[in-house]
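Have a look at the structure below, then the notes.
Start at 1 and go down the list; that is how both ligands and their atoms are numbered.
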Amino acid sequence: SLSDVEPLLVRAAKSLPVERPPAWMMRQARSISRRSPYDRAGRYMKEYRDLAVKYPSFRERSENTDLIVEITLQPWRAFQPDGVILFSDILTPLPAIGIPFEIDDYKGPILDQPIRDAEGLKSLHELDLDMLPFVGEALTELRKEVGDSAAVLGFVGAPWTLATYIVEGGSSSTYKTIKSMAMTEPDTLHAILSAVADAVGTYVGYQIDAGAQCVQIFDSWGGQLPPHMWEVWSKPYIQRVVDKVRASHPGTPLTLYANGSGGLLERMATTGVDCIGLDWTIDMEDGRRRVGDKAVQGNVDPAVLFAPPEARSSITLIPAVEKAVQDVCAKAGPVGHILNLGHGVLVGTPEENVKAFFDAAKKIRY
Ligand code: CP3
């Protein structure tokens, strides 16, 4: 059958039988303190840090096909994960709908023309894919490089999460501008979210056409909303993305991730996606139960990867990283689990512990 040739990760996302858990990791990690600089964000690999010295602009690194391919393949060459995530950003498509942005090493994303009223809406236009050739080219190239050995993963921001940047003008710790807008200018905010949802739906289709085999939707700041507000301001727009993708690309699995999603899990499971990404603050057993028949992804605490190599479980003497992998896989069970951290790899994580994580995944047999 066709599914026999699908990569392990795609099979797990669809809750099809697998012989072991597929594993991948994301390199983006938000600093715990919002005030601390982003100058080393996501840069746990020396090879990447060296390349970033040569190409200091994140926009250049993430918008040049050769650099995207090279950076995407760095962790794949070093650790042989089962998924390779495109080196890009959730904000990458924004210029193609009329919203320019920059990435500041210290402040993170900066958008000079935030949209806060009906007048601002005029700058928005339909997604112009001609402005994003490097994304399609890189995905196609990556499929050739990686072959059947791993799945190529695309990703997008959920409309609500993208709107936080579009309205706030950058990163936020309180989201008070956009939350105020929900009360004072609800029609304008709904209009932004509708336009963004249509663009994101088109963008997911473009990524799949170019080679993405599974696409993750990051509603990173969905957990900042009270659940009843998430129902109004995030969920319908995620569903709009999912519906659009299902209509054009029914076979490609979709994963939905939110930071701090403890109040949202059952709700996330009703968006129509295949797989729910869990952060590390949810017990895998509880998370698995709460999302019903959806596949789950996660959710080892990224801090576990700081364990010194000699740290072992006192009873079994199994090294700490391997034990964390075994425990989460036991709790998730053999069907519909993609092994991952609960978020990205933290700055300063020893590379040998990333390797230990993947080695532990490959030792498991169902
Ligand atoms: O953190 C999440 O929940 C993931 C979703 C997300 C991404 N980008 C995906 C991503 C979010 C919320 C962003 C916005 C963004 N872009 C931030 C966070 C700002 C905030 O509000 O906290 C930052 C710092 C950027 C810029 C950026 N993008 C950096 C610094 C990096 C890491 C690489 C580097 O040069 O240091 C990225 C790459 C990135 N962003 C990836 C993803 C999935 C690539 C993943 C990978 O290569 O593994």
With a cutoff of 4.0 Å, is [X] in contact with ligand 1, counting heavy atoms of the residue only?
X	answer
Leu91	no
Gln216	no
Gly157	no

Strictly below 4.0 Å, N to O, side chains only: are Arg267 and Glu231 in salt-bridge contact? yes

Are Asp50 and Lys54 within salt-bridge range, i.e. N to O under 4.0 Å?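 Result for this pair is no, no salt bridge flagged.
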
Could you tell me which atoms of ligand 1, counted from 1 in the order shown, lie closer than 4.0 angstrom to a heavy atom of [X]?
X	value
Ser171	19 (C), 20 (C), 21 (O), 22 (O)
Ile85	43 (C), 46 (C), 48 (O)
Tyr165	12 (C), 14 (C), 18 (C), 19 (C), 20 (C), 21 (O)

Quick one: look at Pro109 and ligand 1, take heavy-atom pairs under 4.0 Å, and tell me if it's side chain, backbone, both or neither. side chain

Between Asn259 and ligand 1, which part of the residue brings a heavy atom under 4.0 Å of the ligand: side chain, backbone, both or neither?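 Looking at Asn259 and ligand 1, just side chain atoms fall under 4.0 Å.
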
Side chains of Thr174 and Lys179: is there a donor and an acceptor less than 3.5 Å apart? no

Using the ring pair (Phe, Tyr, Trp, His ring centres under 6.0 Å) rule, collect all pairs that involve residues 83-104, keeping only residues at least two apart or in two chains. Tyr48-Phe87, Phe58-Phe87

Is there a donor-acceptor contact under 3.5 Å from the side chain of Ser220 to the main chain of Asn259? no

Suppose the criterion is side chain to side chain donor-acceptor pair (under 3.5 Å): which pairs have a residue in residues 79-88, not counting sequence neighbours? Arg20-Asp82, Ser88-Thr92

So is [X] polar-close to ligand 1, meaning N/O to N/O under 3.5 Å?
X	result
Arg27	yes
Ser220	yes
Ser172	no

Hey, looking at atom 15 (C) of ligand 1, which of Val156, Ile68, Asp89 has the closest heavy atom? Asp89

Are Phe358 and Met26 co-members of a hydrophobic cluster defined by side-chain heavy atoms under 4.5 Å apart? yes

Yes or no on salt bridge (charged side-chain N to carboxylate O under 4.0 Å, His left out) for Arg61 and Glu70, after CA distance, side-chain angles and deciding distance? CA-CA 10 Å; Arg61 291 197 295 280; Glu70 173 57 27; over 6 Å; no

